[in-house]
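Accompanying notes for the structure given below.
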Amino acid sequence: MEKEVVIIAPCFNEEDLVLSFLDLLEQELHDVGRIFRIIMVDDGSTDDTVKLLKNYTFKSPFLHLDPIVLMFNLGHQGAIYQGLLYAEKIKANTVIIMDSDGEDDPKAIPLLLQKSDADVVHVVRGKRSEKLSFRIAYSVYKQLFKVITGKRMNFGNYCLLNRRVLTAITQTSFVHFAAHLSKKKGKHEFVIFNRRKRLKGESKMSTTRLIHHAFKSFAEYAEELLMMFLKAFVALGVALVFLIFYVLYKKFFTDSAILGWTSTVSIGLFNGALISIGFFIIGNLLLNNAYQKSGTQKAIYRNISLKARTLPSKKQSA
């Protein structure tokens with residue numbers, strides 16, 4: 001039996017489906033031939049999610065539950081980060097991050113493990129059943145992300161990390177996990193897998209939340225966004241200089257009248273260039289300030305396991 005695999009799954013007010021999710025994991029992972037430690041990160045639930053997690057025990061000897069509870073709600077991305085801090089503390093070598101609503105199919109996990117020699121293995125989203133408005137917004141977002149960053153964002157949080165990447169992430173911070181991962185250097189592999197339907201209820205990722213989530217992904221590429229403003233400043237500046245020379249040429253070297261639109265265009269180009277360089281300077285100041293404050297964040301979780309459970313040894317598992 002090889003070393004254990006840690007699975008991090010954030011949850012918030014999921015009393016209706018959290019046990020179904022754990023049962024699904026047990027059903028799919030019992031015969032994989034690995035030992036799994038499931039870190040359920042409760043993001044400050046106000047229902048009975050914590051109580052259910054505290055009293056749950058896997059029947060399989062190959063799955064072990066580590067439920068941790070955050071002191072207050074951090075949001076999905078913050079919960080993932082706290083789970084990563086916990087995984088780093090227990091010296092995990094292979095970590096899988098997935099959602100706990102059932103949409104991330106655990107059947108993809110054996111495929112991820114087959115590529116565990118990579119630094120990061122992303123699960124590329126295949127077919128998914130969403131409203132038309134959501135699919136359109138998501139398609140626009142992917143195209144916009146590619147224009148700004150030059151990279152494709154066709155994957156989400158569902159992925160596998162090795163120890164090196166885990167340590168690197170916990171030494172910094174992020175606001176958008178998938179976008180942050182896309183910047184990491186190393187060997188990236190991809191597995192295409194269709195999304196499952198949510199185990200119960202409707203998906204919490206609405207079109208509005210998708211838009212908010214998209215803004216966070218662009219924040220991970222703040223430097224690239226600032227460079228776009230710098231390029232815009234240069235382009236507008238060149239156009240303004242060309243227009244000034246055009247006006248001077250018309251005034252002093254020809255008998256033609258200077259067209260009225262030139263002053264309006266000149267003012268527009270000047271204002272555009274001024275705004276672009278202003279965004280670039282202010283953005284750099286804010287980014288530098290953020291870098292100075294960045295670093296390992298504090299863990300705000302507590303483990304709520306009823307008792308320490310001993311994982312089966314290699315000899316027992318053989």
Side-chain angles (χ1 to χ4, degrees), residues 6-12 14 17 21 24-25 28 38-41 43 74-84 87 95-109 111-113 115 118-131 133-146 148-149 151-162 165-166 169 173-184 186 188-199 201-221:
V6 170
I7 295 177
I8 298 172
C11 60
F12 174 69
E14 300 287 15
L17 56 78
F21 170 71
L24 179 63
L25 283 181
E28 298 295 343
I38 316 301
I39 302 174
M40 295 296 296
V41 186
D43 190 22
L74 288 179
H76 193 67
Q77 301 299 294
I80 290 176
Y81 186 77
Q82 290 294 315
L84 292 171
V95 178
I96 293 173
I97 295 88
M98 65 188 303
D99 290 342
S100 61
D101 57 7
E103 292 188 15
D104 290 340
D105 197 333
K107 289 183 179 180
I109 291 176
L111 299 178
L112 294 176
L113 294 175
K115 298 178 179 290
D119 294 295
V120 184
V121 187
H122 305 275
V123 178
V124 177
R125 291 164 172 167
K127 295 180 180 178
R128 58 187 300 169
S129 55
E130 302 286 357
K131 294 180 181 179
S133 60
F134 183 92
R135 295 201 302 270
I136 292 174
Y138 186 63
S139 179
V140 170
Y141 159 64
K142 289 194 296 184
Q143 294 301 319
L144 186 58
F145 187 88
K146 187 175 181 180
I148 293 174
T149 68
K151 296 182 180 181
R152 296 183 65 186
M153 180 55 70
N154 55 355
F155 51 84
N157 300 319
Y158 198 6
C159 66
L160 177 146
L161 312 175
N162 65 11
V165 176
L166 170 63
I169 293 176
S173 59
F174 58 81
V175 293
H176 190 287
F177 180 61
H180 184 75
L181 273 186
S182 71
K183 298 172 60 178
K184 291 295 181 186
H188 289 245
E189 294 281 357
F190 300 88
V191 170
I192 301 176
F193 221 86
N194 292 338
R195 298 271 283 177
R196 288 170 47 96
K197 289 185 178 179
R198 182 178 166 86
L199 289 171
E202 296 184 359
S203 175
K204 295 180 179 179
M205 181 58 81
S206 63
T207 304
T208 301
R209 287 195 175 190
L210 174 64
I211 294 172
H212 292 165
H213 197 55
F215 286 137
K216 291 181 179 179
S217 71
F218 297 140
E220 294 288 347
Y221 281 86

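Values in this document were obtained by computation on a predicted structure and should not be read as measured data. These numbers come from the heavy atoms of this one structure, side chains and all, not from hydrogens, waters or symmetry mates.
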(request) Supply the atom-to-atom distance I38 CD1 to S100 OG, rounded to the nearest 0.5 angstrom. (result)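 Those atoms lie 11.5 Å apart.
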Please name the pair of heavy atoms, one in [X] and one in [Y], separated by the smallest distance, quoted to 0.1 Å.
| X | Y | result |
| --- | --- | --- |
| I80 | P10 | CG1-CG, 3.5 Å |
| S217 | Y141 | OG-OH, 3.0 Å |
| A87 | V6 | CB-CG1, 4.2 Å |
| A178 | N157 | N-OD1, 4.2 Å |
| L112 | L160 | O-CD1, 3.8 Å |
| C11 | M40 | SG-CE, 4.0 Å |

Got a sec: does the [atom1] of [X] have more than 12 other heavy atoms crowding it under 6.0 Å?
| X | atom1 | answer |
| --- | --- | --- |
| K107 | NZ | no |
| K184 | NZ | yes |
| I192 | CD1 | no |

(request) Could you walk me through whether R196 and L24 pass the side-chain contact (heavy atoms from CB on, under 4.5 Å) test, one step at a time? (result) CA-CA 12 Å; R196 288 170 47 96; L24 179 63; 3.7 Å; yes
(message) Go through it in stages, so that I can follow the logic: the residues are Y221 and K183, the test is side-chain contact (heavy atoms from CB on, under 4.5 Å), and I'd like the CA-CA distance, side-chain angles, deciding distance and then a yes or no.
(response) CA-CA 9 Å; Y221 281 86; K183 298 172 60 178; 3.3 Å; yes
(message) Check E103 with R125, please: is the shortest side-chain N to carboxylate O separation under 4.0 Å?
(response)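 Looking at R125 and E103, the cut-off is not met.
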(request) Assign the ring pair H122 / F190 to parallel, tilted or perpendicular, where the plane angle (0 to 90°) is split at 30° and 60°. (result)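 Correct class here is parallel.
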(message) So, using salt bridge (Lys or Arg N to Asp or Glu O under 4.0 Å) as the criterion, who are the partners of D105 when residues are at least two apart?
(response)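 By the salt bridge (Lys or Arg N to Asp or Glu O under 4.0 Å) rule, D105 matches no residue at all.
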(request) Kindly write out the residues that satisfy salt bridge (Lys or Arg N to Asp or Glu O under 4.0 Å) with D104, not counting sequence neighbours, or none if the list is empty. (result)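 Only R195 meet the salt bridge (Lys or Arg N to Asp or Glu O under 4.0 Å) criterion with D104.
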(request) May I ask you to test the I109-I7 pair for a side-chain heavy-atom distance under 4.5 Å? (result)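 Yes. Closest side-chain heavy atoms under 4.5 Å.
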(message) Could you tell me if the side chain of L84 sits less than 4.5 Å from the side chain of F177, heavy atoms only?
(response)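 Side chain of F177 against side chain of L84, heavy atoms only: contact under 4.5 Å found.
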(message) Applying side-chain hydrogen bond (donor to acceptor under 3.5 Å, both in side chains), can you list everything that pairs with T149, at least two apart in sequence or on another chain?
(response)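 With neighbours one apart ignored, the set is empty.
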(message) Given 3.5 Å as the limit, does a donor-acceptor pair link the side chain of E189 with the main chain of V121, or not?
(response)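 Checked: no pair found.
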(message) Tell me if a side-chain donor or acceptor on K151 pairs with a main-chain N or O of S182 at a distance below 3.5 Å.
(response)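 Side chain of K151 to backbone of S182: a pair is present.
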(request) Could you please spell out the steps behind the side-chain contact (heavy atoms from CB on, under 4.5 Å) verdict for L181 and L161? (result) CA-CA 10 Å; L181 273 186; L161 312 175; 3.7 Å; yes
(request) Check the pair L17, R198 against side-chain contact (heavy atoms from CB on, under 4.5 Å), reporting the backbone distance first and the verdict last. (result) CA-CA 9 Å; L17 56 78; R198 182 178 166 86; 3.5 Å; yes
